[in-house]
Protein chains: 2
Amino acid sequence: MSTNREDGGSRRQGGAAFLLAQLGAHAAARFAEGIAELDLTPAQAGVLRLLARTPGRSQRELADELGMPPSRFVPFADKLEERGLIERRRNPGDRRLYALHLTDEGVTLLSALGEVAAAHEQRMCQALTPDEHEQLRALLARMAAQQGLSPGVHPGYRQVRPDRVHRPREPHSPEESRTPDQGGND
Amino acid sequence: MSTNREDGGSRRQGGAAFLLAQLGAHAAARFAEGIAELDLTPAQAGVLRLLARTPGRSQRELADELGMPPSRFVPFADKLEERGLIERRRNPGDRRLYALHLTDEGVTLLSALGEVAAAHEQRMCQALTPDEHEQLRALLARMAAQQGLSPGVHPGYRQVRPDRVHRPREPHSPEESRTPDQGGND
DNA sequence: TATTGTTATACTCTATAACTATA
DNA sequence: TATAGTTATAGAGTATAACAATA
């Protein structure tokens, strides 16, 4: 047992680590909802951001960084290429590997994505004052660095599909009324 | 240590929401590693904790709270019952539903789980002073409450298997003081 | 008829590994 | 021979829906 005072409220909500996992999953799910309006998944948003920072990376590199096997990266990149967001260029020096680049359309979408991210940031931190918000960011950044997390990527990118939303008890949200009757017998 | 703080660095790491998702996934993965030594998955640990707080709940209730369909909860509970951690008792009032209870063995394991959680808490917050640690916990608790998250559960419990660990930059491992022993099995 | 628990089935997602083309 | 990219396939995990018992 820990020597910290774990009575009362702190025990019921769990420690910082639990709250981190809980809020982190929540944040990821809400972000996925937000970018779904751009028809993007978290993994897709992640690779766009990676390519914006370092263009010309090979599929192998990106797959490795995102934590997905190369075999899964191929159809993943295919979709982005079909949508005209990224572009495969042959590397003259080594014709085995592609160099991936953002298209102009990809850059445009990336900026829209930035707006979504900003709105998401505000919504997540509604409960905090601007001062606390910055305080929190600083604490988290320090923790992430100490834990050896590389900036810009997180394990959720492994998943192709965004997290399903879990709503145990929703205080304020329009229910997506899913018709209990499928509308026909089948 | 010399932490050269540069404005670019904070922006490169993303905002608080991104760090939350990143650290949250990391915390969940590390916690899963920790309880794997007790042969428990996060979802199993979650239901044990729920039963400790409110014994006698029905499978339906628990499945709903954990975010898994009842059909999946059945084999999930089966395993815990086979291991002697929980117990199904018939409800005399309504014979349709079971009342789930922790066994003595379940209570014992739960306390071992508490120790793992405490160690996990400390490891996650290594970078913080005790004061900052408490500060962070308070901020997160406030955010979780405002976001309508119910205490004690998080969406990660939906998954049966724990998150795979994502190590984008394993080769160097710059300042990770992590023993390669724990959780070596991926 | 509605609800709890259960079982069955079909479907999706995934990793592994074979295959090609370049080096 | 080794590596980047690709394709094929078998396996795991999942939700949906049908079912039996009880209310």
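Residue numbers begin at 1 in each chain, while the letters A, B, ... track the order of the sequences. Values reported hereafter were calculated over all heavy atoms of this structure, with side chains retained and with hydrogens, waters and symmetry mates removed.
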(message) Output the rounded distance in Å from CG (B:N91) to P (D:dT22).
(response) 13 Å
(request) Take atom CZ of A:F76 and atom P of C:dC13, then tell me their distance rounded to the nearest Å. (result) 14 Å
(request) Report yes or no: is the cationic atom of A:R123 (NZ for Lys, CZ for Arg) closer than 6.0 Å to the six-membered ring centre of A:F31, at no more than 45° off its axis? (result) no
(message) Can you work out whether A:S71 or B:R95 has the more 5'-proximal nearest nucleotide on DNA chain D?
(response) A:S71
(request) Check whether any side-chain heavy atom of B:N91 lies under 4.5 Å from a side-chain heavy atom of B:R96, and answer yes or no. (result) no
(message) Less than 4.5 Å apart, side chain to side chain, heavy atoms only: is that true for B:L48 and B:V107?
(response) no
(request) For B:R88, report the nucleic acid contact type (base, sugar-phosphate, nothing); a contact means any heavy atom under 4.0 Å. (result) sugar-phosphate
(request) Rounded off to whole Å, could you give me the CD-to-C1' distance for the B:E81 and C:dT6 pair? (result) 14 Å
(message) Whole angstroms only, please: what is the CZ-C1' distance between A:F73 and C:dA15?
(response) 17 Å
(message) Can you measure A:D78 atom CG to D:dT7 atom C1' for me and round it to whole angstrom units?
(response) 11 Å
(message) Tell me the interatomic distance from B:M68, atom CE, to D:dA15, atom P, rounded to whole angstroms.
(response) 9 Å
(message) Less than 6.0 angstrom from the centroid, inside 45 degrees of the normal: does A:R57 satisfy that with respect to the ring of A:Y98?
(response) no
(message) Using OP1 and OP2 only, check whether a side-chain N or O of B:R60 sits under 4.0 Å from C:dT3.
(response) no
(request) Report the distance from atom CD of A:Q59 to atom C1' of D:dT7, rounded to the nearest whole Å. (result) 13 Å
(request) Report which part of the nucleic acid B:Y98 touches: base, sugar-phosphate, or nothing (heavy-atom distance under 4.0 Å, all strands). (result) sugar-phosphate
(message) From the set C:dT14, D:dA23, C:dA23, return the single nucleotide nearest to any side-chain atom of A:R96.
(response) C:dA23
(message) Below the 4.0 Å mark, does D:dA15 have OP1 or OP2 next to a side-chain nitrogen or oxygen of B:R72?
(response) yes
(message) Need to verify one output field. Residue with the more 5' nearest nucleotide on DNA chain C, A:P92 or B:S58?
(response) B:S58
(message) From the set C:dA23, C:dT6, D:dT14, return the single nucleotide nearest to any side-chain atom of A:D94.
(response) C:dA23
(message) Looking at A:K79 and A:E82, is there a salt bridge between them, counting it only when a charged N and a carboxylate O are closer than 4.0 Å?
(response) no
(request) May I have the distance from B:L100 (atom CG) to C:dT4 (atom C1'), rounded to whole angstrom? (result) 12 Å
